[in-house]
Amino acid sequence: WSIRIGGVPFTDPVAGLSVAVKNHHWPLGFALGMIVPLGIALMFGRVFCSYICPASLLFFTISRLRRLAGRFFLFPELALNRGFAWGVLAGGLGLAVYAGHGVWTFILPYFALGQTLFHGLAFGTLSMTLLSLVFFACADLAFGNQFTCRYLCPTGRLLGWIGSKAPVSIRRDATACLENCSMCGDSCPFNVNPKLDETRDCSLCGECVALCPTSCLSIGVKK
């Protein structure tokens, strides 16, 4: 949650909120560690979810498996309100005040994955967080592509809100965009629709850019 790499501190913003509500203060080094993560979110949006989050590989893999299995089975697409993840964040902060910061190992998918791998490699035992990880994986498989990332993960929602006005995002050349094409919106893991010039919650994964038939989409600084 808060580490130093090459002498530079890095702190998870959710950890910052958790410490603030429980301890009512931030140690200086801990607070400085939030500068880089928040700066990245302000500049590039929700890129943590595509390129840094260790659980993203799991959920992207489940998404591909779900797409393949969808040829033979009918899967529902459940949609929740964006505010649901804010509720998860508020609930987690309340639990952290009551039970301690360890509750986040069950609430944050990437934390659950890290804890599960650590216990397995270091001690050769299973961690209780494996149950949480299985829950998130089953939710993605049963309810919708990237369901956990879209609706359950409070970190993703927080970073999406912070980076809602990020200058670097998906750009669209309207003159080359096909009127009846919806491939970009259909392929987006976070249900963003570049055709409507939406950028909020965009993680710059590049799937829409790769699939666009006219190459009218690109990643760059907003005009």
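Side-chain atoms are counted along with the backbone in the values below, which use heavy atoms only and exclude waters and symmetry mates.
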Colleague: Mind checking what makes side-chain contact (heavy atoms from CB on, under 4.5 Å) contact with Asp186, not counting sequence neighbours?
Modeller: Ser182
Colleague: Flag the pair Cys184 / Asn193 as yes when at least one side-chain heavy-atom distance between them is below 4.5 Å, and no otherwise.
Modeller: yes
Colleague: Are Cys202 and Glu198 packed together at the side-chain level, in the sense that at least one heavy-atom pair is separated by less than 4.5 angstrom?
Modeller: no
Colleague: When rounded to the nearest 0.5 angstrom, what is the spacing between OG1 in Thr155 and CZ in Arg46?
Modeller: 9.0 Å
Colleague: Where the side chain of Arg171 meets the backbone of Val221, is there a donor-acceptor pair that is under 3.5 Å apart?
Modeller: yes
Colleague: If you measure from SG on Cys53 to CZ on Phe60, what distance do you get to the nearest 0.5 Å?
Modeller: 10.0 Å
Colleague: Give the table of side-chain donor-acceptor pairs shorter than 3.5 Å for residues 111-122, with sequence neighbours excluded, one pair per line with atom names and distance.
Modeller:
unit_1 : atom_1 : unit_2 : atom_2 : d
Thr116 : OG1    : Ala112 : O      : 2.7
Thr116 : OG1    : Thr129 : OG1    : 3.0
Thr116 : OG1    : Leu130 : N      : 3.4

Colleague: Using the ring centroid of each side chain, check whether Phe136 and Tyr110 are separated by less than 6.0 Å.
Modeller: no
Colleague: What pair of heavy atoms forms the shortest contact from Leu204 to Ser169, and how long is it?
Modeller: CD2-CA, 3.7 Å
Colleague: Say whether Leu126 and Phe106 are linked into one hydrophobic cluster, either directly or through other cluster members, by side-chain heavy-atom distances under 4.5 angstrom.
Modeller: no
Colleague: Quick check: is Ile170 connected to Val192 through a chain of hydrophobic side chains (ILVMFWY, heavy atoms under 4.5 Å apart)?
Modeller: no
Colleague: Could you see if Val21 belongs to whatever hydrophobic cluster contains Leu95? Use Ile, Leu, Val, Met, Phe, Trp, Tyr and a side-chain cutoff under 4.5 Å.
Modeller: yes
Colleague: Are the side chains of Met183 and Pro213 in contact, using a 4.5 Å heavy-atom criterion?
Modeller: yes
Colleague: For Lys22 and His101, indicate whether the former's side chain and the latter's backbone hold a donor-acceptor pair under 3.5 Å.
Modeller: no
Colleague: Let me check something: do Val134 and Ile62 share a hydrophobic cluster, defined by ILVMFWY side-chain heavy atoms less than 4.5 Å apart, either directly or through other members?
Modeller: no
Colleague: How many angstroms lie between CE in Met43 and CD1 in Ile162, if you round to the nearest 0.5 Å?
Modeller: 14.0 Å
Colleague: At what distance, to the nearest 0.5 angstrom, does CZ of Phe190 lie from CD of Glu207?
Modeller: 9.5 Å
Colleague: Spell out, as yes or no, whether a donor-acceptor pair under 3.5 Å connects the side chain of Lys165 to the backbone of Leu42.
Modeller: no
Colleague: A quick test of your reading: do over 12 heavy atoms of other residues, nucleotides or ligands sit less than 6.0 Å from CZ of Phe10?
Modeller: yes
Colleague: With heavy-atom distances below 4.5 Å as the criterion, would you say the side chains of Thr214 and Cys177 are in contact?
Modeller: no
Colleague: Let me have the donor-acceptor pairs involving side chains of residues 71-93, under 3.5 Å, with sequence neighbours excluded, atom names and distances please.
Modeller:
unit_1 : atom_1 : unit_2 : atom_2 : d
Glu77  : OE2    : Arg66  : NH1    : 2.9
Asn81  : OD1    : Gly83  : N      : 2.7
Arg82  : NH1    : Asp201 : OD2    : 2.3

Colleague: If we ignore hydrogens and angles and just use 3.5 Å, is the side chain of Ser18 paired with the main-chain N or O of Val14 as donor and acceptor?
Modeller: no
Colleague: Indicate yes or no: at least one non-hydrogen side-chain atom of Cys188 is less than 4.5 angstrom from one of Cys208.
Modeller: no
Colleague: Apply side chain to side chain contact (heavy atoms under 4.5 Å, CB included) to Thr11 and Val19, showing your working.
Modeller: CA-CA 11 Å; Thr11 299; Val19 170; over 6 Å; no
Colleague: Verify side chain to side chain contact (heavy atoms under 4.5 Å, CB included) between Asn191 and Arg150, making sure each step is shown before the conclusion.
Modeller: CA-CA 8 Å; Asn191 203 29; Arg150 287 186 188 184; 3.7 Å; yes
Colleague: Find the distance between CG (Leu159) and OG (Ser164) and round it off to the nearest 0.5 Å.
Modeller: 11.5 Å
Colleague: Take Leu58 and Ser56 through the side chain to side chain contact (heavy atoms under 4.5 Å, CB included) test and state the conclusion after the steps.
Modeller: CA-CA 5 Å; Leu58 171 66; Ser56 64; over 6 Å; no
Colleague: Would you compute the distance between atom CZ of Arg67 and atom OG of Ser63 and round it to the nearest 0.5 angstrom?
Modeller: 5.0 Å
Colleague: Within a strict 4.5 Å, meaning less than it, do heavy atoms of the Pro189 and Cys205 side chains meet?
Modeller: yes
Colleague: Please determine whether side chain to side chain contact (heavy atoms under 4.5 Å, CB included) holds for the pair Arg200 and Trp161, giving the CA-CA distance in whole Å, both sets of side-chain angles, and the decisive distance to 0.1 Å.
Modeller: CA-CA 7 Å; Arg200 183 176 181 178; Trp161 175 72; 4.2 Å; yes
Colleague: Same cluster for Ile52 and Trp104 if Ile/Leu/Val/Met/Phe/Trp/Tyr side chains link at under 4.5 Å?
Modeller: yes
